[in-house]
Amino acid sequence: MTELYHSQRAMRAMRSAALHRGVIAVLDVGTSKIGCLVLKFDGTTEKIDGDGVGSLAGQSGFQVIGSALTKSRGVEYGEIVSMPETERAIRTALQSAQKLANSRVDHVIACISGGSPRSYGLEGSIDIKSEIVDDKDIADVLGSCDIPSFESDREVLHAQPVNFSLDQRTGLSDPRGQIGKNLSVDMHMLTIKEKTIRDLAYCIKRCDLELAGVASSSYVAALSSLVEDEKELGAACIDLGGGSSNISIFWKKHMIFAETIKMGGELVTRDISMGLQVSLSKAERIKTRNGGVLATGLDDREMIEITSETNDWELDRRIISRSDLIGIMRPRIEEILEEVRCSLDGAGFEDLPSRKIVLTGGASQIPGIDSLASKILGQQVRLGRPMRIHRLPQAYSGPNCSGLVGLSLFAAHPQDEWWDFSPRSKNFNGQSVSRVFRWFRDNW
Amino acid sequence: MSFSKFRKRDPAPSRLRYKFSRWMLSPVFKKTLLYGVPIILLTLPSLVFFNDQNNKEQVQEIAFDLYRKLIERPEFMIDALSIEGASDSLNSEIREVLGLRFPISSFDLDLADLQKRILSLPPVEIAEAHIKGGGILHLKVGEKAPALLLRKENGFAVLSEYGQYIRSVPSREHFFDLPVIAGEGAESAASQAMNIFQVINKKFDHIRGLVFVGQRRWNIIMKTGQVVMLPENDPAKAVQKILILDQAEQILSRDIAVFDFRLSSRITLRLPLDEFFEIDPKVVGVRN
Ligand SMILES: Nc1ncnc2c1ncn2[C@@H]1O[C@H](COP(=O)(O)OP(=O)(O)O)[C@@H](O)[C@H]1O
Ligand SMILES: [Mg+2]
């Protein structure tokens, strides 16, 4: 645990160095595309050494000075399967982004959806010695959390304090300065396979860049597509990507759950390719041009011409109706959404006071997917797009870039994590009995 | 259909290209490339060119020509010398010493050097040189005032009141009113002599001059051939005393050869001797 503490601290230090220099890149390694933004920070560089909870650490203004989107290579279902290929794709993205920015970048913050993220709810509590809660008490209570046992091939990606309770009062976001006797904390911890991070770090290292932070795709997609109220009252963000669908649940402005389902838009494309016997690229084009999930009478009459180059007259010249296409796509999308629902149920999503669901990611652009989702997931479904950030090109404002934009926000205003607080003592074995968050019960 | 259409190019830049592009984007490298390479490209041919001695000389010649052409423009030329505060003889002397041939460019004139050269002339006390508009070199000279004549074997030397040598003259012709001194090393005690003359102040007009004896002290020589020996220190005071004595007793007008005032407490008088080195009885008679 201490090792992780130090490696995460090192990454934080790197990040602050990058912010000090003013230029940092964010890199979203997705299954279907790799996106890169070069951010330039101006003016107030924030202080990170001071311990803080919430977004108290200060804010910094930034703007996008370079951007690039390229087709992803060597990534399947959110995992890097071919490192040289992925390295090349990252290089492509970075080179064009740097060229646009006309500035060299040395630090990069990356996110990846693979590595089967797993959420844990942690609880810790301590007795406060000096009536008033201070930074050290917070560090202590975070240190007192009983770390659940997880496989040795996993790494902690996020460990964020979600909620503090002081004696009987709960729901405190920052108890410092308050008076009480017993301080307890609920913490959300996310682990992913160590290999995934290591592969990503290696690819980035091969591009002569320093990794200044990693984030989960589920988390950053939600950061950019949920609005403040949704984060506060409870909402799930579902990032429907190419190879994976990333789910995250927010409550009280903090992520309390994240998961990845290894199904995404590419499965739909594959279905179309098999069902219509066309190449994958053709299937992708048909999907994005004519795809849909809700058939109406009109769709029976809307004909789609399918051309291919097999030199077989019968195969090369076919006409299908849009209803046929929808008939191919819908079952797969329903399956994905069912899977999402299953995951949400497992996380206890229905216990949240507000159960807003936001669909984002490239595959959320399929027409009618919101109505289909509201049938499966619940009434309050909306399509989410990333929020605007300064000087973001228009091409990056679509839902498929919500991860990228969220990563920029993450770079600018990072959530305080467990390792941001210096522990009073080196040993973290607290005495408190670890009690499970109610909505995490089924999960571990 | 060309064959290359089948081979899809890898859109990714090679590692080397990627690295190079990053170098290009790093500010230091960009600057060196932007300024360094053109500078090298510009200087290299000229370095090669100047490596050849012939070329070097040629270019130097051209440069020198250009320089001459520039400094010899009429705006920079000086064609007259005006000297202020010098007597005619000094004027011509200065002109001779400077040896300037007009017209001359002001760039070729070293005013400080001119000044030094003029100051090296004995009669000149102060000198100032500056260039006046209209191409005139203006010299302001202050001459030393002649105060003493030093008798030499053949002629006289004119000295300032501090004993500085001004010029030599064959006779007293132009300097009748200057007091005369003589003796080896007299010029070094010139100011003492001046003092003595000041005290005498033409009180007795039949003085011939002062003689410096033994590089130590002064003798006053009268026109009558009488000698007044003065002490080594404070001769002016001794003269004052003599003057008082003379006023009271007219000792100087007596027929005495040598008045020895070297010891003020013991004044000695020596009688004149005749051709047989005998004391003139007339004088002795007077005494009696
Ligand atoms: N206009 C569209 N209509 C339907 N599907 C789309 C559209 N645009 C993109 N997609 C699908 O979205 C997926 C890519 O989403 P994206 O969020 O970019 O994936 P990732 O984050 O994994 O790289 C692809 O499967 C693609 O087919
Ligand atoms: Mg994505």
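Throughout, protein chains are lettered first and strands after them, A, B, ... in sequence-line order, and every chain is numbered starting at 1. Atom set for the values below is all heavy atoms of this structure, side chains included, hydrogens, waters and symmetry mates excluded.
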With a 4.5 Å limit on heavy-atom distance, are the side chains of A:Val26 and A:Leu39 in contact? yes
Got a sec, which pairs hit ring pair (Phe, Tyr, Trp, His ring centres under 6.0 Å) with one end in residues 40-66 of chain B, sequence neighbours left out? none
For B:Lys116, all residues meeting side chain to side chain contact (heavy atoms under 4.5 Å, CB included), sequence neighbours excluded: none
Output the residues of residues 105-113 of chain A for which the shortest heavy-atom distance to chain B is under 4.5 Å, in residue-number order; output 'none' if no such residue exists. A:Val105, A:Asp106
State the CD1-CD distance between A:Ile80 and A:Glu87, to the nearest 0.5 angstrom. 10.5 Å
side-chain hydrogen bond (donor to acceptor under 3.5 Å, both in side chains) evaluation trace for A:Ser397 with A:Gln394: CA-CA 5 Å; A:Ser397 59; A:Gln394 187 60 37; 3.3 Å; yes
Honestly, the part of A:Arg206 sitting under 4.5 Å from a heavy atom of chain B is both
Any heavy-atom pair between the side chains of A:Leu280 and A:Thr269 that's under 4.5 Å? yes
Pairwise side-chain contact, B:Ile94 with B:Leu139, heavy-atom cut-off 4.5 Å (strictly under): yes
Side chains of B:Arg68 and B:Ile71, heavy atoms from C-beta outward: is any pair under 4.5 Å? yes
Interface residues of residues 12-39 of chain B facing chain A - heavy atom cut-off under 4.5 Å: B:Ala12, B:Pro13, B:Ser14, B:Arg15, B:Arg17, B:Tyr18, B:Lys19, B:Ser21, B:Arg22, B:Trp23, B:Leu25, B:Ser26, B:Lys30
B:Phe156 ring center within less than 6.0 Å of B:Phe175 ring center: no
A:Leu37 side chain near A:Leu392 side chain, heavy-atom distance below 4.5 Å: yes
Against chain B, label A:Lys71 side chain, backbone, both or neither, depending on which of its atoms sit under 4.5 Å from a heavy atom there. neither
